[in-house]
There are 2 protein chains.
Amino acid sequence: MLSGRQFKTAIYEELSRIGKAVASPSRLELLDLLCQGPRTVEELAREAGLSVANASQHLRTLRTARLVEADKNGLYVTYRLADQQVCAFFLALRTLAENRLAEIEQIVRQFMEGREPMEPLEKEPLLERVRQGAVTVLDVRPRDEYIAGHIPGAISVPLKKLEQHLADLPTDREIVAYCRGPYCVLAVQAVEALRARGFRAVRLEDGVPDWRRRGFPVASGEDRDEHQGIKSA
Amino acid sequence: MLSGRQFKTAIYEELSRIGKAVASPSRLELLDLLCQGPRTVEELAREAGLSVANASQHLRTLRTARLVEADKNGLYVTYRLADQQVCAFFLALRTLAENRLAEIEQIVRQFMEGREPMEPLEKEPLLERVRQGAVTVLDVRPRDEYIAGHIPGAISVPLKKLEQHLADLPTDREIVAYCRGPYCVLAVQAVEALRARGFRAVRLEDGVPDWRRRGFPVASGEDRDEHQGIKSA
DNA sequence: ATTATACTCAAGTAATTGCTTAATTAATTT
DNA sequence: AAATTAATTAAGCAATTACTTGAGTATAAT
């Protein structure tokens, strides 16, 4: 028979499993990456700047908290979020941090200083134009992440392959680049590269998880070449 | 100038401040209590079963993460959530844990075993009856928490004073008791006491934060004696 | 079979965290 | 002024956590 105190202790102990899982910067980065789609240990480790052994251990921690799941195909172990709710929770944590910790805005400002402003003055109109397909939308993440989920109508142009696709991009039309979310630097670099070559480009801070949270539809799979008349390889 | 890696490291470091804050069972219990309303250090320590010094330290940690704020009136320091969003975040964490960690359900089952079932078979109809005022609703938390926020129409009968109010309670009408939420034992004890005395009583698992999350209105301040014709002291 | 690859596990260590006790500060009461 | 109360802080210790290195396992390629 459990006493009231024992009961509460046991319950909060369980709740803290989730808390402990998100108490590490590395694990938060891994979760953020997994919000983009499933990945192998090696890829996650590389993206997050961790040793493979270290990433593996962090992933085990996340798995014990039941936030992620893994399965093995051949040599590779692919990790993925155990549930979309985990992504929603990550976004809730991120948003809470953004609202409560002024330091975050400061870090972003510090990173952006010296660069030209690349977000449009007003965010809502941009979202509306993206939603209506009134602009050319570039998904500059690695191809796998695009396939796992992307903004409908967006074309996949991984940052690394941007050079090869410059000829296909419109010079007269506004280009909107997005990547994983507000703290991903891929779209920032894409916009810089595009502007340096004379394109009209802006960055959308939202990633697919943010887009989904707004209630907007998400497409998945390969893109079909009907979009904006561009083939991406 | 911040490199991409430095930027990410700094950002995830910040995000982890929130994670670290909720990585401890004691701090989660304190947050849960603060979701009910502002409290002094001593009260929080007593409710959470912590020494005052220990509670004070945990509260400092929560304050460094900007999740709570404190101000001093005379000898007393009153802590409160820095924002309602913090309560929403706590609920999100709790719900995620409930969905992902089967152990929680097991702990609840273990606690409830041997007791008569006190939740109604269907939860939605109960909520509807509570909302319509079709039942007598008892708030069995300490009076301060009732004043900070309660279900409209509920009357304040702190568990400790339940005995004194038995005469005022209806014997023919269903009584619904609620407290802080699903892991608070006050309403469980209240229902047991009421049933032992022949009342028809059920427990509502929701606390005020859960109720608010459903989008239902929350009342605050002293109750007026028009409700159910009962005066509570 | 041997080698290579992707990943996990174990051991070791440095750093951090959690809790206690005791001292200290700040405001109030006597 | 002295004593009391609420809360914070400091010191100290045990427990936990984070990361590295090196070994071990499972699968695939040669």
Euclidean distance, atom CG of residue A/Leu59 to atom C1' of D/dA18 [Å, nearest integer]:
15 Å
So, using side chain to side chain contact (heavy atoms under 4.5 Å, CB included) as the criterion, who are the partners of B/Arg100 when residues are at least two apart?
A/Arg66, A/Glu69, A/Ala82, A/Asp83, B/Leu96
By ring pair (Phe, Tyr, Trp, His ring centres under 6.0 Å), which residues pair with A/Phe89, not counting sequence neighbours?
B/Phe89
What pairs meet the salt bridge (charged side-chain N to carboxylate O under 4.0 Å, His left out) rule with one or both residues in residues 145-159 of chain B, with sequence neighbours excluded?
B/Arg39-B/Glu145, B/Glu145-B/Arg180
Listed by chain and number, what are the salt bridge (charged side-chain N to carboxylate O under 4.0 Å, His left out) partners of A/Lys160, not counting sequence neighbours?
none
Classify every nucleotide of nucleotides 19-30 of chain C by which part a protein heavy atom approaches to under 4.0 Å, writing B for the base, S for the sugar-phosphate alone and - for neither, in 5'-to-3' order.
SBB----BBS--
Sorted by first residue and then second, give each ring-ring contact (aromatic ring centres under 6.0 Å, His included) pair with at least one member in residues 2-41 of chain A; sequence neighbours left out.
A/Phe7-B/Phe111
Taken in chain and number order and not counting sequence neighbours, the residues that satisfy salt bridge (charged side-chain N to carboxylate O under 4.0 Å, His left out) with A/Arg46 are none
Taking only the side-chain nitrogens and oxygens of A/Tyr79, find out if one of them lies under 4.0 Å from OP1 or OP2 of C/dA6.
no
Please list, in numerical order, the residues of residues 30-47 of chain B that have a heavy atom closer than 4.0 Å to any atom of DNA chain D.
B/Thr40, B/Val41, B/Glu42
When rounded to whole Å, the OH to C1' distance for the pair A/Tyr76 and D/dA28 reads 10 Å
Any residue meeting side chain to side chain contact (heavy atoms under 4.5 Å, CB included) with B/Ala23, in chain and number order, not counting sequence neighbours
A/Lys20, A/Ala23
Partners passing side chain to side chain contact (heavy atoms under 4.5 Å, CB included) against B/Glu205 (at least two apart in sequence or in another chain)
B/Glu119, B/Lys123, B/Pro182, B/Arg203
Report yes if at least one side-chain N or O of A/Arg60 is closer than 4.0 Å to OP1 or OP2 of C/dT8; otherwise report no.
no
Applying salt bridge (charged side-chain N to carboxylate O under 4.0 Å, His left out), can you list everything that pairs with A/Glu42, at least two apart in sequence or on another chain?
none
Does A/Glu105, at its CD atom, have more than 12 non-hydrogen atoms belonging to other residues, nucleotides or ligands within less than 6.0 Å?
no
Protein-nucleotides 14-17 of chain C N/O pairs under 3.5 Å:
none

When rounded to whole Å, the CG to C1' distance for the pair A/Asp71 and C/dA6 reads 15 Å
Looking only at side-chain N and O atoms, does B/Tyr178 offer a donor or acceptor that is under 3.5 Å from a partner on B/Asp206?
no
